Structure formats: structure tokens, C-alpha cells
Participant: 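My questions all concern the structure below.
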Amino acid sequence: MSTISLDLESLNPQQREAVEHPGGPLMIVAGAGSGKTRVITYRIARLIGEGCPPYRILAVTFTNKAAKEMRERIENLVGPNAKDIWMGTFHALCARILRMDGTAIGIDRNFVVYDDSEQLSLIKDLIKSRGFDDKAIQPRGVLSEISRAKEQMLTPEKYADRASSFFERTVAGIYKDYQRRLQNANSLDFDDLLFKAVRLLEESESVREKYQEKFLHVLVDEYQDVNFTQYRLADLLAGKNKNLTVVGDDDQSIYAWRGADVGLMMRFTLDHPKATLVTLDQNYRSTQNILSGAYSVVKHNRGRNDKKLWTSNDSGELIQIGETGTEHDEARLVVDRINHEIRTGRHTYGDFAILYRTNAQSRVIEEAFLTHQIPHILVGGQRFYDRKEIKDMIGYLRVVWNPADEVSLRRTINTPTRGIGPTAFQKAQAFADHHNITLYEAFTNPQFEQELQKKPLQGIRNYRKTIEDAREMLETGAVTPILKHVMQQSGYLDELRAERTEDAQNRLDNLQELINVTAQFDSDPNQDHNLGQFLETVALVSDIDSMKEDGDGVKLMTLHSSKGLEFPVVFLMGLEEGIFPHSRALGNDTELEEERRLCYVGMTRARKALYLTYARRRSQYGQANFNPRSRFIDDLPREIIDQMPGTTMETSMSVVSSAPRLEPLRSGGYAITEQPKATPSWDPPFRVGQKVNHRKFGIGIVVSCAPLKNDAEVTVAFPGAVGIKKMVQSLAKLEEI
DNA sequence: TACCAGACTATTTTT
DNA sequence: TAGTCTGGTA
């Protein structure tokens, strides 16, 4: 037994109960900032201290970053053997299991993982080859339908049995082909990782027993955001020893759009009637005012089980509300505020976080930060691994590792151009289908070569040589030499260098950065050194994973990315109807509730100070929009808010001074009496959130209004297939109802 | 086959 | 607004 001393005295009784829970199913309902991570790390440390070997513990986290941090914290408590704990995201866990034992259900060890864009390109191709117009059958829609099917563990056959509408029957056909193409390409998509892992455990008794025997304790964090396959997986893995600990907070469930289902938290207690339930409701993070503010936003949700967090912290500063003219003014307001705080010496740049609803909002903020020289770290947005040049090179590496990878082959074979256009491609596809071989095999088949013209033939030979030479380097295990070889011999580098533009130089820099990444991978003693492992790591990283820890900069990220983090000072920007809550959520109660929870998550990231800002006028898609301020602001009790100095007076809410104006008066969801006039010269014909009638589409809800010469452009959300429509009021003749 | 210009259109969150 | 797609031309 190791010598582990935990400071259990410092825990509150609930935390202590959770840490010391002996065994059996345990559900920890952990409010924001309630010391959840501490409880989990202590619990794991304690299990190890009591003799449970680290390799028999499985801890599932939401992001790789969370896993890494948790591992470090446990290492501080129990020492280096914390390395042996199985810790990671569901997807990483499944990939690991499938690589080891997937052969039992016919999965090749060397499979690659297809990401979103690769899935999409495959779907697009399938839609086209079936002769559908990809406007009538949208690739995105098909993909998310397939994804949903997989989350419910429906195979193509089962899905087809249930399909009733035209759309569903179409998807059923595509789904079937899609799976076949994935299989031929020796690839799995994100959902497959989960789905196949569950299938593996269900179908192979020996594999199931192996893992059930192995994992003495299973812990799942962020349980409110699991989907059905993940729920199944956790249950299966903990099936024998029943030591399953789940930790979640239903108020922080923000991934329903991705198939997560809070209802599974309830189901846990039904499936495990003997489960112990511990609620952590003391918040150690935020001030009383921040907590009250956040609570006053979520409490509007119906059907939540009401838990009100409490804190012994001071009430702290008031929540600051800032209204500005445009989004540029808004960014400037934040810049000024940050500079002010820095000057007074109260904070450093690293203390601030800027949170926004959509990535598109980051641009304006970043521009302001660049011009005013505020050091900052942008999380997300255009991901490094989503950049074209990076995807191209990763594509090459994937073909080297797995020549059957069809999507990567398509991506790379004519990049840089080698004279292999659609015609050559179609020929190869036909040849491959006819001889029942992969595309790569077709392209490299001597018989096929005879069908080609001189130029494409030369191109293919060069390509093949690049790949084959690289394949010979596989044995060494190092990734960097292969990458360098491929960059060079493919002609990719030469082409970029020849461009001599700033953009090309940027791309070259990014490629250099990629070399740094592989070099680091190659020298990491904790990694299995092979290309397949590298490709998997790359496929499963998220934005937040690559956020640099150090560096004293203001963090910029979406609300979703901020989950699980905390900052001394938080700015929540763009609090406008149609932005946050997002326009897609207006008029949909379920989605509005999720927006509310998202707001709750954002607000509770703040420890000391919280700013909520919005602009009266904002350019969206190149057009001026006048969105009223967010209903979430109107939810806040006026005694805990204050107006930021320097914000415009005439239309702003003049908080404390005009008490009666801030009644949470709602109809269509926000305080009507307060709405500032959009501009002095223009009156929108409808309120946002108002129900209107259209003679063809029926009843819909106004998403936004924008001025248009002597007219107005009105965006309306209609139910069902009609969706969101932009229309000119004088023509559409929308009627108020 | 490659490339360009202009049209078009879709706008969330991400493992 | 910006990214994608299409169609025409070299």
C-alpha cells in the first residue's frame, strides 16, 4: 500500500461522503464550482491508497485536456503510478479498445478515424452518385440523421425497417452505402467508435469479461452530457463490479444537439436503484452576486430539479451590464475595461476570459485586441488541424498508413495538381468497382494505367512513388521523417514556396508547426511510436485540448468550450436576442432551455467579476441587424446589476435609478417595455419573438428585422421543413397575430 | 484539365 | 460576410 495522505478534513460532509463512498453505484450531482474535480481526484487517490491498482481504474472525461489535468492532479497525490490509470474521452477509450480487440467483430487494427469533413465529403459523393440533387437532399442533414441513428445503435438495416418518410428512406439507402464505403476504406467515424465498441462488448463474451474483470472502478465525469451509447458503454464496462461513479449537473447540460440526453441521469437512478446519491451544492468559486445572477437565469427552466447553490463567499461586485452602439463599440468597451483593470494592477491579462455564443463573433473581438495590442489566446475557431495545408499533409500520412483510405486519397492525389481530374477519377472508380479493389489499388494497377493519357499517368506514378517510399519508412516508427519526405517529394512545398505570397508563407509556417508537432510526438517517451497512433491522436483532439496553459493572455472562446473552466473575470459578449439565445432557438422551448443552461454555464465560470455586454446594432452576414438585448439580462434581479461606465445612456437600461422598468415582464420572452428603439429613424415592423402569419407558410416566429430602403427584411422561423425564411415585408405581407 | 470570375447561399455549439 | 459551387474559357 502506498503512503497517500489526503486532507479529508478540508472537505465538506457531502464531498467527504462522495470521496469515501466504499463501492457500488454512486451518483454525484455536482453544481458549478462545487469542488467536483477535487472530489473525483481524491476519490481516485483514495481507491489507489486502499490497494486498487491504478490500471484497474477507468476515468472518462469530456475532453483530453480534462483528462490530462486530472491525471496530473492525481499524480500529485499518489505519485507516478497515476500514469497507469485509464483516463480519457469516451472516443479515445473506444478507439483504444477497438484497436486491441476490435478484430473480434471484424475491425482491422489499423483503422483510421474520419472526422466531420471527411464524413461529409463521403456523403456528398454518395448523394451525387445516387443522382440526387444535393440541394434537395442536404449532406449535413443526412449526416446528422445517420449520426442520430448510430447514437441509438440502429444499424442500416434496423434504420431501414423504421424508415417511413421519403427523407428517411433516402437516408436509409445512403446510410447502407456509407457504412460499406467506410468499411472498404478501413475507417470508422466518430459515432462508429462508440457504436462498435458497445457492439463489441455486447457480442463478444470473452472481450466483455476481459474488460469487466479489469475495471474495478469506473468513473464518468460530465455525465449530463452523455448520449445513449456512452451510457450503455459505461454500464457494460462496470457490469461486473458495479463500482460505477457518475458525476454531473443537469443545469449544465449543453450538448443535447449532439445527442446528449439529460434524461439518462434520471435513468441511472432507475437502472441502479441502490445507487447512493450525493449532492454538492456549496459553491466555492463565485461571489454571491454572480451565483444569484446565474440562478435567476436557469430557474426559468421548467422540469429542472431545483437545486440552488449557496456560497459563503462575499456578495462581491455587482454584475456589470454594458450596452453599446455596434459590435465594434462593444469590443472597444471590453478593451478599455481590460486596459483599465490592468493599469490599476488588479489583474493580469491571463485573468480575463471572453465568452461568446458563436465562433463568428470572435473576429471583431480579435481585431480590436490586435489593434489595441492586448495579448490574447484564441481557443477554437479555425482549428489548426482543419487548415487546408494541414489536412492535406495529414491526408498524405493517412494514405501512407492506410492506402485504402478513400477520402484521403481523393484529397491528395491531385494536390498539388498532377493532371488527375474528374475524368481520370471516374475511370478509376469504375475500374475499382469492376474488379472489386480499392481506389488506390486501381490507380496503381498496370492494366488501369493503359487507360490513361500521358500526363495523368506520369502524375499517378509520381504519387505512387511518394507513397511507396514513405511506406518503406514506416518500420522506423518515427513520424517526422515520413512527413518531411511526403512534403518534399509530393511537390507540395515547392509549389507553396513558388507562390511567394503572404498567404503561402503562412501556410509554410503552419507546416513547420506541424513538423514541430510530430517531432514532439516522436520524442514523447509515453507514446507508442507509430504513425497510426499519431493519426489517432490528431483525429481526437479538440480545440480546448490545444489551449496553451501558460502565456499571459486574455482567453477567447465559445461558451461551449468554457465548460469546466474558471476565470477571475469573465466577459459574456453579444447578449442579444438572436445571438444569445441563438436565432435557431427562438420559438423552440427545448432549445431555449438549453440556451439558458448555456448562459448559466457561462456566468458560473466567473470567480470575481462578470460583465454582460450587447450591441444595439450588429452586422450579420454583411447586413445591419437590430436585435433587442437578451432576455437573459432581463432575468437578472436589478439589485445585483450595475451599468458599466462609459456605455450609452439614452437607450440603456439605467439600472438602479429607474426601478419599475426592470420587471421581468415577458411575452414572447423578453421585456417589451424596455426595448430601445432600434434607431431613431427606423421602426421594425415586428418584435423579435412575435408570432406572425404568412399566407403560404402559415404561422412562424420573427427572428429578426432589418431595414431595407423604405421597407423591412424580416427573418421568420417556420416549423418543420419550411425552416427559416428571409422575406421582404411589403411582398410577404406578414400579419401580426 | 486548370483556372478564374461571378453567382449563390447559409449561416451554432464539437468529440 | 465569406465560403462554396458552377460554368465558361484558355
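Predicted model only: the values in this text are computed from it and were never measured. Chain A is the first sequence line, chain B the second, and so forth, proteins listed ahead of strands; every chain is numbered from 1.
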Participant: In whole Å, what is the span from the CD atom of A/E151 to the P atom of B/dT14?
Facilitator: 16 Å

Participant: From C-beta outward on A/R584, which listed nucleotide comes closest to its side chain: C/dC5, B/dT14, B/dT11?
Facilitator: B/dT11

Participant: Examine the side chains of A/N301 and A/Y600 and answer whether a donor and an acceptor come within less than 3.5 Å of each other.
Facilitator: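 Note: A/N301 and A/Y600 side chains miss the donor-acceptor criterion.
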
Participant: Answer with base, sugar-phosphate or nothing: what part of the nucleic acid does A/A424 contact at a heavy-atom distance below 4.0 Å?
Facilitator: sugar-phosphate

Participant: Find the distance A/L575:CG to B/dT12:C1' and express it as a whole number of Å.
Facilitator: 15 Å

Participant: In whole angstrom, give the distance that lies between atom OH of A/Y600 and atom P of B/dT13.
Facilitator: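 After rounding, the reported distance stands at 24 Å.
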
Participant: Would you please confirm or rule out a distance under 4.0 Å between OP1 or OP2 of B/dT11 and any side-chain N or O of A/N359?
Facilitator: no

Participant: Judged by each residue's nearest nucleotide on DNA chain B, which is more toward the 5′ side, A/F90 or A/T417?
Facilitator: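 The residue closer to the strand's 5' end, by nearest nucleotide, is A/T417.
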
Participant: What I want to find out is whether A/R461 reaches A/E449 closely enough, with some N-O distance under 4.0 Å, to be called a salt bridge.
Facilitator: yes

Participant: Hey, does the side chain of A/T558 come within less than 4.0 Å of B/dT14's phosphate (OP1/OP2), counting only N and O?
Facilitator: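 Yes, because at least one side-chain N or O of A/T558 sits under 4.0 Å from OP1 or OP2 of B/dT14.
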
Participant: Just call it for A/R363: base, sugar-phosphate, or nothing, with non-hydrogen atoms closer than 4.0 Å on any strand.
Facilitator: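 Sugar-phosphate, backbone atoms only, no base.
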
Participant: Of the listed nucleotides (B/dT11, B/dT13, B/dT15), which one gets closest to any side-chain atom of A/Y621?
Facilitator: B/dT11

Participant: Salt bridge check, A/D251 against A/R304: does any charged N sit closer than 4.0 Å to a carboxylate O?
Facilitator: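 Between A/D251 and A/R304 there is a salt bridge, with a charged N closer than 4.0 Å to a carboxylate O.
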
Participant: Among B/dT14, B/dT13, B/dT15, which is the nearest nucleotide to the side chain of A/S561?
Facilitator: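 The answer is B/dT14.
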
Participant: On DNA chain B, nearest-nucleotide positions of A/G419 versus A/D116: which is more 5'?
Facilitator: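 Closest to the 5' end, via its nearest nucleotide, is A/G419.
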
Participant: Rounded to whole angstroms, how far apart are NE2 on A/H560 and C1' on B/dT12?
Facilitator: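 It is 8 Å, rounded to the nearest whole Å.
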
Participant: Does OP1 or OP2 of B/dT12 have a side-chain N or O of A/S583 closer than 4.0 Å?
Facilitator: no

Participant: Taking atom types as modelled, is there a side-chain donor on A/S121 or A/E118 under 3.5 Å from an acceptor on the other?
Facilitator: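 No.
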
Participant: Around atom CD of A/Q453, are there more than 12 heavy atoms of other residues, nucleotides or ligands at under 6.0 Å?
Facilitator: no

Participant: For A/H582 and B/dT12, say yes or no: do the ring centres fall under 5.5 Å of each other while the ring planes differ by less than 30°?
Facilitator: yes

Participant: Given B/dA2, is OP1 or OP2 found less than 4.0 Å from the side-chain N or O atoms of A/N414?
Facilitator: yes

Participant: Roughly how many Å is it from CG in A/L120 to C1' in B/dA10, rounded to a whole number?
Facilitator: 14 Å

Participant: Round to the nearest Å and state the distance from A/Q119 atom CD to B/dT14 atom P.
Facilitator: 16 Å

Participant: Would you mind reading off the distance between A/F195 atom CZ and B/dT15 atom P, rounded to a whole angstrom?
Facilitator: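 Those two atoms, CZ and P, are 22 Å apart.
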
Participant: Please report the distance, rounded to the nearest Å, between CD in A/Q623 and P in C/dA2.
Facilitator: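 Atom-to-atom, A/Q623 to C/dA2, this comes out as 15 Å.
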
Participant: Can you tell me how far P in B/dT12 sits from the matching atom in C/dC5, rounded to whole Å?
Facilitator: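 Taking atom P in both B/dT12 and C/dC5, they lie 16 Å apart.
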
Participant: Between C/dT4 and A/K124, is there an OP1 or OP2 to side-chain N/O distance shorter than 4.0 Å?
Facilitator: no

Participant: What is the minimum heavy-atom distance between A/E536 and A/A95, and which atoms define it?
Facilitator: OE2-CB, 3.2 Å

